[in-house]
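Reviewing the structure listed below.
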Amino acid sequence: MTIQFHFADLLGYGGLILRGIGLTILLTLIAIAGGLALGVLGALGRRSRRAPVRFVVGAYVELIRNTPFIIQLFFVFFGLPRLGLRLGSVEAALLAMIVNLGGYSTEIVRAGLDGVGRGLWEAGASLGLSRWRTFRLVVLIPALETVYPSLTGQFVIIMLGSSVVSQIAVRDLTFAGSFIQSRTFLSFETYLVVGAIYLVLSVVLRRLADRVGRRLFRHRQVPA
């Protein structure tokens with residue numbers, strides 16, 4: 001039996017694939033920015049002196065880390081309208097991705113803060129800085145440096161996890177692949193190409209994050 005492949009038949013859908021790639025990249029970059037900011041705030045909440053704050057943030061982290069992302073996505077898109085908050089598919093996807101990444105990055109950033117020596121806090125205090133300004137200007141960057149590889153891995157995971165947003169009709173890369181397959185019935189060719197694109201995006205994102213990290217943490221050392 002001769003097996004024939006028809007990758008050339010996918011060329012007519014190049015525009016659809018490129019638009020899907022573009023939306024996947026856009027969702028990922030916004031989710032990284034929002035999720036990291038939420039993670040920093042969450043890490044501060046986990047270290048708060050107020051027990052109710054620690055409890056709320058801890059419950060959020062456990063909820064996110066112990067439920068599937070697709071359930072979180074469906075809750076945002078299908079569940080929140082019952083509470084009067086109706087979002088478009090792209091907005092719902094972004095909110096779900098940010099909240100999901102925020103839950104994981106909260107624990108990662110908290111570990112970084114725990115690993116920073118007390119000397120940095122004392123240095124900020126000796127300069128007359130408030131605790132918040134000490135955190136923002138002195139402590140945060142070294143803390144992020146210690147956990148940056150873990151954060152980078154989480155960024156890639158959220159990009160790959162974004163493939164499920166096609167379930168709420170977001171026209172991302174996976175949506176494009178499903179559409180093409182439904183029209184051509186070329187399952188092998190379509191999903192091989194889509195998978196290869198995700199692989200390339202993952203490698204590029206990791207290398208881009210590494211380059212950003214080298215620039216951000218250049219000439220900085222975390223004290224022992």
Side-chain angles (χ1 to χ4, degrees), residues 1-36 64 67-79 81 86-105 148-216:
M1 182 179 68
T2 302
I3 299 177
Q4 294 184 341
F5 300 108
H6 303 277
F7 289 99
D9 293 349
L10 305 181
L11 295 178
Y13 296 94
L16 179 63
I17 293 175
L18 289 176
R19 287 191 294 272
I21 293 173
L23 184 53
T24 294
I25 293 173
L26 180 62
L27 290 172
T28 300
L29 293 179
I30 296 176
I32 288 174
L36 182 57
I64 294 302
T67 56
F69 174 61
I70 193 169
I71 300 300
Q72 299 165 19
L73 176 67
F74 285 169
F75 177 80
V76 170
F77 187 66
F78 297 113
R86 188 175 299 277
L87 299 173
S89 58
V90 174
E91 291 80 6
L94 273 175
L95 178 58
M97 291 172 66
I98 289 171
V99 170
N100 180 272
L101 179 58
Y104 284 94
S105 59
Y148 193 70
S150 297
L151 285 173
T152 299
Q154 205 60 49
F155 297 160
V156 174
I157 289 173
I158 198 64
M159 189 273 291
L160 296 176
S162 72
S163 59
V164 304
V165 303
S166 61
Q167 297 296 312
I168 59 171
V170 175
R171 297 175 178 267
D172 70 328
L173 177 57
T174 299
F175 180 95
S178 298
F179 179 86
I180 295 169
Q181 189 277 333
S182 69
R183 294 297 186 275
T184 64
F185 300 102
L186 298 175
S187 301
F188 179 87
E189 293 89 339
T190 299
Y191 290 117
L192 181 63
V193 169
V194 169
I197 293 173
Y198 273 114
L199 174 61
V200 171
L201 290 178
S202 297
V203 172
V204 171
L205 176 58
R206 192 177 296 276
R207 292 191 176 180
L208 179 61
D210 289 344
R211 175 170 293 187
V212 170
R214 285 196 298 271
R215 292 180 63 88
L216 182 62

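Heavy-atom basis, side chains included; hydrogens, waters and symmetry copies ignored. Just so it is clear, the model here is predicted, and its values are computed rather than measured.
Looking at residues two or more places apart in sequence or on another chain, you find a ring pair (Phe, Tyr, Trp, His ring centres under 6.0 Å) between F78 and F74. Contacts of F185 classified as side chain to side chain contact (heavy atoms under 4.5 Å, CB included), with partners at least two apart in sequence or in another chain: none. Taking the ring pair (Phe, Tyr, Trp, His ring centres under 6.0 Å) definition, one finds that F75 meets it with nothing, sequence neighbours left out. Qualifying side chain to side chain contact (heavy atoms under 4.5 Å, CB included) partners for V76, counting only residues two or more places apart in sequence or in other chains: L80, L87, A92, L95, A96.
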Using a 3.5 Å cut-off and no angle test, enumerate the donor-acceptor pairs between side-chain atoms of residues 148-164 and protein atoms at least two apart in sequence or in another chain.
from	atom 1	to	atom 2	distance (Å)
Y148	OH	A209	O	2.6
T152	OG1	Y148	O	3.0
S162	OG	M159	O	2.5
S163	OG	L160	O	2.9

Can you give the donor-acceptor pairs under 3.5 Å from side chains of residues 13-35 to other protein atoms, not counting sequence neighbours?
from	atom 1	to	atom 2	distance (Å)
T24	OG1	G20	O	3.0
T24	OG1	L173	N	3.2
T28	OG1	T24	O	2.8

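Atoms OG and CG, on S105 and N100 in that order, are 9.5 Å from each other to the nearest 0.5 Å. Distance check: F5 CZ to L186 CG gives 11.0 Å after rounding to the nearest 0.5 Å. Atoms OG and CG, on S187 and L192 in that order, are 12.0 Å from each other to the nearest 0.5 Å. In this structure, OH on Y198 lies 13.0 Å from CG on L205, to the nearest 0.5 angstrom.
Between F175 and F179, the angle of the ring planes stays under 30°, which puts this pair in the parallel group of the 30/60° scheme.
Checking side-chain atoms of Q181 against main-chain N and O of Y191 turns up no donor-acceptor pair under 3.5 Å.
Heavy-atom minimum distance, V99 versus I64: CG1-CD1, 3.6 Å. Nearest heavy-atom pair, G177 versus T190, reported as atom, atom and distance to 0.1 Å: O-CG2, 3.2 Å.
Residues I70 and Q167 are in side-chain contact: their nearest non-hydrogen atoms beyond the backbone lie under 4.5 Å apart. Residues D9 and E189 have side chains not in contact (no heavy-atom distance under 4.5 Å, counting atoms from C-beta outward).
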